[in-house]
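Step one of this worksheet: look at the structure below.
Counting convention: from 1, in listed order, for ligands and their atoms alike.
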Amino acid sequence: MAQRLTSHNEDFSAWYNEIVLRADLADYSPVRGCMVIRPYGYELWEAIKNGLDRRFKETGHVNAYFPLFIPMSFLEKESEHVEGFAPQVAVVTHGGGKKLEEPLVVRPTSETIIGHMYAQWVQSYRDLPILINQWANVVRWELRTRLFLRTMEFLWQEGHTVHATYEEAEEETRRILDVYIDFATNDAAIPVLHGRKSRAETFPGAMISYSIEAMMGDKRALQAGTSHNLGQSFSKAFDVTYLDQNNETQYCWGTSWGVSTRMVGAIIMVHGDDQGLRLPPVVAPIQAVVIPIYRNDSEKRAVTEGVSGIAGKLRDAGIRTEVDDREGYTPGWKFNEWEMRGVPLRIEVGPREIAEEKLTCARRDAPTGAARFSIPRDQVAEGVNRLLTEIQKSLYDQALAFRDSNIHEPRDYEQLKDIVRDGWAYAWWCGSAECEANIQEETKATTRCIPLDQGAGKGKCIYCDKEAAERVYFARAY
Ligand SMILES: [Zn+2]
């Protein structure tokens, strides 16, 4: 490899940008703030997408598609919503060479247009619930952008549901929160904390927002998914009503929820190291890379034949396998490149491996060079499957240990200030927006989420010392 990566302890932000570019995940676009997702990055996104989509369908949801353009007047119907999104929207004023009668907004999110359609689709309680998800792109005019983390246009899924009662909407909101926790934990190998957002951090127009929050390698927080109980705000704005069993008109209760291409950024920042990406096997586009090693033509013949048998067995077992038989690159160069791209397992096959009927493996989850070992060639599929399971677990365990060792409970406000410089603080908070804003102003830390399970007890607000009923995580966030 031409040049070493910047060390992530030295300059996390430079390290991150270099990985995204050098692992071929994404590239800068000619339009400032947008990104080009390259095939390897897109395959990673597809794995995320598949993992979520399967879970949505298992919980009764279906996919649909709504238009990219939304009439400006729709956004204005829900006052908090327009206030929240107005500064960020891209507006189309001309089309076909003419000024439009009504400007169109490029969707920043689709509550409004979907609310408009639901008003027409819902008549009676028999039409409820509607459980629709959309895979789409959205545009939010961001000034400071970072590949995958914050881009003007990004890809995501947005779920939008309507229900007959508050209880059903709340149950749906929490069900999706569980789906996100399950995905993050088991597919992305990212340990997440979950809870309710503070009022200030609640989605514009929602009654309650829940989120999953993950700790990145630089100890900053990243909100990796949100699920909102919208109450009746959008139903009232768009007149989404139904006739109940007594033939009385009622407003519907709504939810919306989303996970975006930010999740790719989270995977990079949680698992990556100074050699590059480290991908959890469940979402890795390539799970095992086989590298043939030989010095002359006769070795090459034997090795190539052996490699094709091995790769065949792995693929038959459903393992996403790549054979790197490119000429003109040394094995060492290839090792570095696949380490950079985060492939969980490398398998080396040379004349010695062929003669001894075994394979040399190297795990990406272990420090470089520390984990080379052999597995018997006749058990390659079982062996690799077992290793991938172990790697998945080990990446999760490493991230969990890192996170838990960097969350502290401050005694007082002075200590909180110290903690959030390089970690998360879990502290009592009285719930006032003023304390929250002051803490943010003075420490740059925001409230991340209020855990649902608070246990018993009460405390004193870490800022104002008044009675506090709940504790919240404070951290600097992306
Ligand atoms: Zn307070």
Side-chain angles (χ1 to χ4, degrees), residues 78-85 87-88 144 150 166 170 173-174 177 180-181 191-216 218-231 233 255-257 402-478:
E78 213 293 325
S79 61
E80 278 185 28
H81 193 67
V82 68
E83 206 181 299
F85 281 102
Q88 285 188 306
R144 270 184 287 165
R150 196 173 288 278
Y166 168 81
E170 179 61 15
T173 312
R174 301 280 287 268
L177 186 68
Y180 290 162
I181 295 167
V192 289
L193 292 165
H194 65 276
R196 204 176 79 238
K197 298 300 272 190
S198 73
R199 195 61 229 159
E201 300 272 333
T202 295
F203 178 76
M207 209 169 146
I208 315 170
S209 289
Y210 300 97
S211 71
I212 54 170
E213 303 280 335
M215 185 185 283
M216 304 296 104
D218 61 352
K219 300 167 201 161
R220 281 169 72 182
L222 185 112
Q223 175 178 292
T226 48
S227 184
H228 314 291
N229 183 337
L230 300 175
S233 56
T255 83
S256 69
W257 27 275
F402 177 80
R403 183 193 77 186
D404 287 351
S405 64
N406 288 296
I407 300 180
H408 308 285
E409 297 183 19
R411 269 189 319 271
D412 52 33
Y413 186 54
E414 283 310 305
Q415 206 179 25
L416 179 141
K417 285 198 216 162
D418 271 349
I419 291 170
V420 297
R421 260 181 222 122
D422 196 32
W424 294 16
Y426 186 44
W428 292 101
W429 169 49
C430 65
S432 97
E434 201 189 333
C435 290
E436 185 184 15
N438 287 339
I439 293 172
Q440 180 174 359
E441 167 107 21
E442 291 162 25
T443 70
K444 299 200 195 98
T446 48
T447 60
R448 302 317 308 160
C449 66
I450 304 158
L452 303 176
D453 183 8
Q454 287 275 338
K458 273 187 180 162
K460 296 273 168 67
C461 176
I462 196 76
Y463 192 80
C464 70
D465 216 34
K466 284 194 193 119
E467 284 279 302
E470 290 184 313
R471 286 193 287 183
V472 62
Y473 292 101
F474 288 97
R476 294 182 184 178
Y478 280 97

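Around the Zn ion (ligand 1), protein N, O or S atoms at less than 2.8 Å number 4.
Judged by distance alone, the side chain of S233 and the main-chain N or O of G205 form a donor-acceptor pair under 3.5 Å.
In terms of the side chain to side chain donor-acceptor pair (under 3.5 Å) criterion, residue partners of R196 (sequence neighbours excluded) are, by chain and number, E470. For the side chain to side chain donor-acceptor pair (under 3.5 Å) test, residues two or more places apart in sequence or in another chain that qualify with D422 are K219.
Listed by first then second residue, pairs satisfying ring pair (Phe, Tyr, Trp, His ring centres under 6.0 Å) with a partner in residues 441-467 read Y413-Y463, not counting sequence neighbours.
Ring geometry for W257 against Y180 counts as perpendicular: the plane angle is over 60°, on a 0 to 90° scale with 30° as the lower cut.
Relative to the ring axis of Y473, R448 does not place its NZ or CZ within 45° and under 6.0 Å from the centre.
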